[in-house]
Amino acid sequence: MTGQARSHRSAEARRAGRPQSRRPRAAHPEGRAGSRRGSLPRRSLGRRGGFSMLLLNLEEYYFEQHRANHILHKGSHHERKIRGSLKICSKSAIFEPDAISQPIIKIPLRDCIKIGKHGENGANRHFTKAKSGSISLIFSQVYFIKEHNVVAPYKIERGKMEYVFELDVPGKVEDVVETLLQLHRASCLDKLGDQTAMITAILQSRLARTSFDKNRFQNISEKLHMECKAEMVTPLVTNPGHVCITDTNLYFQPLNGYPKPVVQITLQDVRRIYKRRHGLMPLGLEVFCTEDDLCSDIYLKFYEPQDRDDLYFYIATYLEHHVAEHTAESYMLQWQRGHLSNYQYLLHLNNLADRSCNDLSQYPVFPWIIHDYSSSELDLSNPGTFRDLSKPVGALNKERLERLLTRYQEMPEPKFMYGSHYSSPGYVLFYLVRIAPEYMLCLQNGRFDNADRMFNSIAETWKNCLDGATDFKELIPEFYGDDVSFLVNSLKLDLGKRQGGQMVDDVELPPWASGPEDFLQKSKDALESNYVSEHLHEWIDLIFGYKQKGSGAVGAHNVFHPLTYEGGVDLNSIQDPDEKVAMLTQILEFGQTPKQLFVTPHPRRITPKFKSLSQTSSYNASMADSPVSPGEESFEDLTEESKTLAWNNITKLQLHEHYKIHKEAVTGITVSRNGSSVFTTSQDSTLKMFSKESKMLQRSISFSNMALSSCLLLPGDATVITSSWDNNVYFYSIAFGRRQDTLMGHDDAVSKICWHDNRLYSASWDSTVKVWSGVPAEMPGTKRHHFDLLAELEHDVSVDTISLNPASTLLVSGTKEGTVNIWDLTTATLMHQIPCHSGIVCDTAFSPDSRHVLSTGADGCLNVIDVQTGMLISSMTSDEPQRCFVWDGNSVLSGSQSGELLVWDLLGAKISERIQGHTGAVTCIWMNEQCSSIITGGEDRQIIFWKLQY
């Protein structure tokens, strides 16, 4: 079983085979819809996620899937079978092959000529008595998508064809055929309104026949409060199912079990909830488990406003006792007094005004700030550098405005100045096509836009917004964030060739930006500059305030089409279903004006003593009070000779000191740069800080009652990160002595974390490795980190260990079923998948030159893999599992199940030395950069300091 269905199995299935004592029941086993800081969900890497609901048409539903074979040349001696899944959707049948070389097949039901059992004669509905397990589709058009897992425009083949699909369960054929025929009849109705009504009836019938599976409750003592039908909303997609709320949890169970059986939110974790307009109707509810993130944990659309209101009331009542409510006014006061940055304030206003990352017709809107995209240097002290924030984009060019006003004055009621909006799904995806190509293909029926109309250049886009007859778009939050990927064609997409002959690739940046990171940093600096702080209230008046509507809007030349405003049309008053569907489609594609938050002029920021609060400005706090001194003076230059000398004498390792500082097995060790402070994690759920000099335990920190699995120190030694079996990653400020942040990034235990160049890599038993951009907090200990999910490397089963190569261009992961995976992080692809252990992979690491990977497993094997070819080039065995190791490419120092340290000579294929150490398994090992200092941790709850004798 491959593809999305495989990697999103239930948590119970993923944990099958785990020793029960390893971990108590997780807080969120069925998968929290993890909070993301930033934008659209990132494209999954590898074959995982070959199918996604973005392959469906807009407003289409995915009902069910069946394991099946696609039979080619059936009945001939050339017959062959392609294994995969047949997915039944409301307007199409989609076949997802298991093999990544094969394209996904999408057959629109409206293009079907005949649907039935293969080999039957006569009318479609009359089935022969023969036990045929095959379905025949005869059609006139088919789409081929993501061949070789490459995101590209869909290929279309036309002409009469027959495809045969053989279901694994022959008994389901009649039901599937009947369903397809019913959906085919709906697709062939003349009127769009009738099609929608029939499909809605089919959907509601399916929902009525099912209910929430109470076995999914976290606890048998949970009390059910309410259950109703709803849809989970993600960009361009809605997924129907059942919502259930108890006294402790909110659940959503998708009708189709995709992408996971149940999404669960613990009410205790909820921080904010908002009622939302969805499709202009008061049916949406968005739930956040974080204070500052732009993207929510779940967005639900209900079928009845009363259901939405009841659920909102229940959660709001619960929150009254736990969380302070924030209004636009409370945020305004914080912003005025400098407690919120301009960026943070705009995020909060967008949220309060119904803007959501999950709704592209109401995506968060940010202003163009900079006017100068031609100079070689950006002068933020010059007011001429900036756009006039008191005017909408359409009024920035005087000549164009005069033409628009002439047309406006001659126009009959209802009048409007601008024929297009400043924010719409098309504009959002215009900016994000390089990181969200599948969304663009979904919105545009499998095609990218014309190459010359793509987001090719910052300066060109700005010029078009100033001069274009119909282009008045503003920006999106990504222009002031930290993730540069929307500016870079890192996926190597073929986005077409421009008229001049050049291919569409990375976005062309202004001369004053040395690269994408520099562009974003300078954009952020501009947003937080004194000029913008003094004038931002003027733009807020236009977008969220009193100049949005009425005479204020007319006076500010800020009048858009009436349909874009809240209350601009009453859909319930439209009786004709065709007209209603067409009106809704037009409004959603055109874009919507935010909900009005202020009806009086917005006060300006208090700026006399205001210092620019850059969202990511570095905080050069003195670390004099920190227990971890940088100690750079004690550093000697590291040379290859010193490392070689250390490894040549590795067999002379001697036990120096040992300390029992934990109550259960030690799981992770990290040490400050000067070697004075040792941090350890344990299955006893604590992070300990031990002083090597005083030989004293200095701190003991507990984040939850679940085991911690690994730890690392961020550069600068100010923050320790730990991973936990409670699905979270915790950030602990050493200087301030408290938890600084929590990343709720996974649906099961986090098994291992790595960090390099402001990127966090987290492995989990939920079958994923996630890559996050992790910008260090503005003020250690007081501000939150900023996380964007950049990539999700999906696996078949639990991931137990990961490691990066020195350049962090490659990642190796090891799974519970013995597979080693090598990922190319620069091209976001799986290079090799090597099943080389018969049990769990305990540890993996690259050689210093990145040419080889070493893995150890519960089967006692040490395997060496060639990175370029994926070939297993060496395998050595011991009589017990090797739980952890360090190596230099030639020699290995491993920690064994019995507590010994083993020195392996890989070239000589032998064990050179056995060194007595722990009384239980060696569970983790740390070696300094010079390779001269080693610390191990074990199941005996001890840490042991080792010395090399030269």
Side-chain angles (χ1 to χ4, degrees), residues 616-638 659 661 666-682 686-703 708-724 729-743 752-762 772-787 803-804 806 808 886 924-937 943 945:
T616 55
S617 61
S618 58
Y619 179 71
N620 299 317
S622 166
M623 297 305 292
D625 298 328
S626 171
V628 181
S629 167
E632 290 179 358
E633 296 76 20
S634 66
F635 256 157
E636 58 190 48
D637 289 336
L638 301 178
Y659 303 95
I661 60 172
V666 182
T667 56
I669 302 169
T670 188
V671 182
S672 60
R673 292 275 289 177
N674 64 357
S676 63
S677 296
V678 179
F679 298 86
T680 57
T681 51
S682 166
T686 63
L687 167 69
K688 306 273 190 184
M689 178 176 166
F690 181 83
S691 170
K692 194 175 176 183
E693 278 126 12
S694 67
K695 301 176 174 46
M696 298 278 289
L697 185 64
Q698 291 186 319
R699 296 187 196 174
S700 179
I701 307 103
S702 184
F703 303 110
L708 299 178
S709 55
S710 68
C711 60
L712 56 85
L713 265 167
L714 289 191
D717 287 354
T719 303
V720 183
I721 314 182
T722 67
S723 55
S724 172
V729 177
Y730 295 100
F731 290 68
Y732 175 78
S733 169
I734 301 162
F736 290 82
R738 60 174 176 264
R739 182 170 70 184
Q740 187 172 330
D741 207 350
T742 303
L743 173 61
K752 183 79 181 284
I753 49 174
C754 299
W755 178 278
H756 185 268
D757 195 21
N758 280 347
R759 291 198 173 180
L760 174 67
Y761 304 80
S762 57
W772 311 84
S773 73
V775 177
E778 186 177 318
M779 297 175 63
T782 62
K783 298 285 184 183
R784 300 176 67 82
H785 287 64
H786 170 100
F787 302 106
S803 184
L804 298 169
S808 288
V886 288
C924 51
I925 186 166
W926 173 88
M927 176 184 268
N928 69 344
E929 221 169 336
Q930 295 101 316
C931 307
S932 58
S933 176
I934 292 163
I935 306 172
T936 56
I943 56 170
F945 293 83

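Hydrogens, waters and symmetry mates play no part in the numbers below; they use all other heavy atoms, side chains included.
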Backbone of Ile753 reached by a side-chain donor or acceptor of Ser710 within 3.5 Å: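 Present.
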If I take atom [atom1] from residue [X] and atom [atom2] from residue [Y], how far apart are they, to the nearest 0.5 angstrom?
X      : Y      : atom1 : atom2 : value
Leu712 : Thr681 : CG    : OG1   : 10.0 Å
Gln698 : Phe679 : CD    : CZ    : 8.0 Å
Arg739 : Phe703 : CZ    : CZ    : 7.5 Å
Ile943 : Phe945 : CD1   : CZ    : 4.0 Å
Glu693 : Ser677 : CD    : OG    : 7.5 Å
Asp757 : Leu804 : CG    : CG    : 11.0 Å

Where [X] and [Y] come nearest, the two heavy atoms and their spacing:
X      : Y      : value
Thr686 : Ser702 : CG2-CB, 4.4 Å
Thr722 : Leu708 : OG1-CD2, 4.0 Å
Ser733 : Arg699 : O-NH1, 4.2 Å
Ile734 : Asp717 : CD1-O, 3.4 Å
Ile935 : Ile669 : O-CD1, 3.7 Å
Ser724 : Ser709 : N-OG, 4.0 Å

Parallel, tilted or perpendicular: ring planes of Phe731 versus Trp755, cut at 30 and 60 degrees: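 The arrangement is perpendicular - the two ring planes meet at more than 60°.
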Side-chain heavy-atom pair Phe787, Asp741 within 4.5 angstrom cut-off: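 In short, these two side chains touch, coming nearer than 4.5 Å.
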Intermediate values then yes/no, side-chain contact (heavy atoms from CB on, under 4.5 Å), Val729 and Trp772: CA-CA 12 Å; Val729 177; Trp772 311 84; over 6 Å; no
Residues Ser676 and Lys692: side-chain donor-acceptor under 3.5 angstrom: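 The answer is no; no qualifying pair exists.
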